[in-house]
Amino acid sequence: MIIDDGQYDVIIIGTGAGGGTLACKLAPTGKRILILERGDFMPLEEQNRSDVDVFKRERYHAPEQWYDTAGEPFSPQMNYAVGGNTKIYGAALLRMRERDFERVEHQGGISPEWCLKYADFEPYYTEAEQLYKVHGVLAGDPTEPEHSQGYPFEAIEQKPEIEEIFGAIATQPLHPARLPLGLTRQDDDPTNDSEVSGIGPALKYPNVTLQTGARVVALHTDPTGRLIKAIETQRGDQTYLFFADIVVLACGAVNSAALLLQSANEKHPQGLANSSGLVGRNLMKSLLTTVVQLKNKANTGDFLKTIYINDFYWGDTDFPYPMGHIYNTGGLLTDVIFAEAPPLLSILAKYMPGFGLKQLATRSIGWWIQTEDLPDPNNRVRIEHNKLYIDYTPNNLEAHDRLVYRWIDILKTIEKELGGFQRGNHPRGEIPIQVMANQCGTCRFGNDRTTSVLDPNCRTHDVENLYVVDSSFFPSNASVSPALTVIANALRVGEHLTQRLG
């Protein structure tokens, strides 16, 4: 074992939306910061997904196995690289709605109240939109919360075939809106991610160090159990110990919880920072179904997602419970998550016999239907015999199913107006467990240490120098994607840590 002779002020584990953003926020403090990332830099040719085959499943999957409730192994769609899962996300950066922070009754149960509200996050949402160069327009969506500033960049121009659909939706009693996107506007790397806006700017400071290929395997406390004393890390065939005054986990909701559970010791027999018994529990990952429109003539297949509809976010006249969020997939040749629904491809082939993959994709317009799942302590991350298990049973299904059928009815209506579609045929597919999109909730924050893992500043209740800044802190999952809230929260926690560091 190699003992690193440096004493850092802060060690950040992970470089995704939380870790990368926090590094950028803390870099100007001049404090010694070490960032540990288990992956490496992602080759540019893999980031530009218009030039790769996203249907090669191994491309964006972690080189490891997790296990489902039945004990069956699967390879998770997780990106271990500088930038984390923001290297493969769709860059849709939406704010949670004001009511998402409140107690909300759903058809399938209760979405609990947060200890902080929208007003507490609003200035950090604004800062996040500036940092990640969000392109958008504040118009159309009746659920959009109040912004203290507009988006820093105008919404991008839509491709003609998408603009035509946008206009057709607007003729219905609906309010289509332009999806806010974090973009670089570079052809070879169009999406703005946490490498571009977080790690890259942080590394310009001489006090910041990044080590790649560094997998943290355990956190060790001092004899009191109240402080992290050392971080055990594997790099190649060597094991290292690193030391810091403050340690921040940003490994993603699954892996941060797993690391805490794997770090159990005499003072923390159930897992580190787990006196509440809630570490790993209440795992949430949005209910996602893709619905496809089949066209009679080809489109480009590589356009960005640009449309969303929130008219059913809080329900409708026939269903007084929240239903969710709808947005287009972007070109099917570039949508990484769509590639995870292989049964859908065989369905498409049924409707278009003799067509190859590219022909299928370029004659299709895809839509994501996204509904909030609810916290359930039985949905959890657990470690057993050194294996990582994901116990997850979807809930709030009726709301999701209603939204799927409601949207298909609307598509049928607008297709009559537009023409050029195979009317009546709308293949759909649900996303399997290996897609961990929008994972959150495994280390919820709150004021009560018996019902939460983290305090409102995202410091663990049990360990005084340990923080978590990925999506683990969510008490509930919204129907919009969590990325912008993770970024905003990292900026908020970064402000707190700057004060703590002095």
Side-chain angles (χ1 to χ4, degrees), residues 14-25 47 49 60 77-79 81-97 100-101 118 121-122 124-136 144-145 147 151-153 178-184 190-199 250-256 284-286 288 304-306 308 310 324-325 327 329-330 335-337 368 370 372-373 431 435-442 458 468-474 476-494:
T15 60
T21 303
L22 180 65
C24 181
K25 183 74 170 182
Q47 298 176 45
R49 294 193 290 273
Y60 300 115
Q77 188 195 68
M78 297 286 291
N79 195 56
V82 176
N85 279 336
T86 68
K87 302 303 291 187
I88 60 173
Y89 77 156
L93 297 176
L94 298 100
R95 300 182 178 202
M96 287 171 53
R97 279 42 197 157
D100 283 323
F101 294 89
Y118 176 79
F121 281 88
E122 201 287 329
Y124 304 104
Y125 276 137
T126 297
E127 185 179 355
E129 288 160 353
Q130 297 287 329
L131 180 62
Y132 279 73
K133 297 180 174 61
V134 175
H135 293 59
E144 185 66 44
H147 289 228
Y151 291 117
F153 297 91
R178 299 297 300 277
L179 200 63
L181 299 171
L183 299 172
T184 66
T191 58
N192 203 325
D193 54 53
S194 64
E195 180 193 353
V196 173
S197 288
I199 297 299
C251 312
V254 171
N255 279 318
S256 284
M284 293 167 281
K285 52 185 292 294
S286 303
L288 276 167
L304 292 171
K305 56 183 74 172
T306 53
Y308 78 95
N310 272 353
H325 173 64
Y327 56 103
T329 67
D335 195 308
V336 173
I337 301 180
W368 285 117
Q370 185 166 304
E372 175 178 351
D373 59 343
I431 295 307
V435 176
M436 298 306 297
N438 303 344
Q439 57 177 276
C440 61
T442 57
C458 290
V468 183
V469 297
D470 51 40
S471 57
S472 301
F473 82 98
F474 281 45
S476 64
N477 188 9
S479 287
V480 294
S481 299
L484 189 69
T485 301
V486 175
I487 294 165
N489 184 64
L491 295 170
R492 183 184 70 87
V493 174

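All of these numbers come straight from a predicted model, not from anything done at the bench.
Within the 4.5 Å cutoff, side-chain heavy atoms of Tyr132 are placed close to those of Ser194. The closest side-chain heavy-atom distance from Met96 to Val480 is below 4.5 Å. Proximity of Arg492 to Cys458: side-chain heavy atoms (C-beta onward) are separated by under 4.5 Å at one or more points. For the pair Thr21/Ser197, no side-chain contact is recorded, criterion being any heavy-atom separation below 4.5 Å from C-beta on. At a threshold of 4.5 Å between non-hydrogen side-chain atoms, the residues His325 and Arg97 do not count as touching. At a threshold of 4.5 Å between non-hydrogen side-chain atoms, the residues Leu183 and Phe153 do not count as touching. In this structure the side chain of Ile487 reaches within 4.5 angstrom of the side chain of Leu93, judged on heavy atoms. No side-chain heavy atom of Asp470 sits less than 4.5 Å from a side-chain heavy atom of Asn255.
Atom-to-atom distance recorded for Ser481:OG and Tyr308:OH is 12.0 Å, nearest 0.5 angstrom.
Within the 3.5 Å criterion, the main-chain N or O of Leu491 finds no donor-acceptor partner in the side chain of Glu127. With Ser471 contributing its side chain and Gln439 its backbone, the two residues share a donor-acceptor pair below 3.5 Å. Under the 3.5 Å distance criterion, the side-chain polar atoms of Thr15 are matched with a main-chain donor or acceptor of Gly83.
Side-chain polar atoms of Thr126 and Glu122 form a donor-acceptor pair below 3.5 angstrom.
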Show your working on side chain to side chain contact (heavy atoms under 4.5 Å, CB included) between Lys305 and Leu181 and close with a plain yes or no.
CA-CA 9 Å; Lys305 56 183 74 172; Leu181 299 171; 4.2 Å; yes

Tell me, with the steps shown, if Thr86 and Asn79 meet side chain to side chain contact (heavy atoms under 4.5 Å, CB included).
CA-CA 8 Å; Thr86 68; Asn79 195 56; over 6 Å; no

Could you please spell out the steps behind the side chain to side chain contact (heavy atoms under 4.5 Å, CB included) verdict for Asn477 and Ser286?
CA-CA 7 Å; Asn477 188 9; Ser286 303; 3.3 Å; yes

Apply the test side chain to side chain contact (heavy atoms under 4.5 Å, CB included) to residues Phe474 and Val486: give CA-CA distance (whole Å), side-chain angles for both, the deciding distance (0.1 Å), then the verdict.
CA-CA 9 Å; Phe474 281 45; Val486 175; 4.0 Å; yes

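Scanning for salt bridge (charged side-chain N to carboxylate O under 4.0 Å, His left out) contacts around Glu129 gives Arg95, with sequence neighbours left out.
Aromatic ring orientation, Tyr125 versus Phe121: tilted (interplanar angle from 30° to 60°).
The heavy-atom pair separating Gly19 from Val469 by the smallest distance is N-CG2, 4.2 Å.
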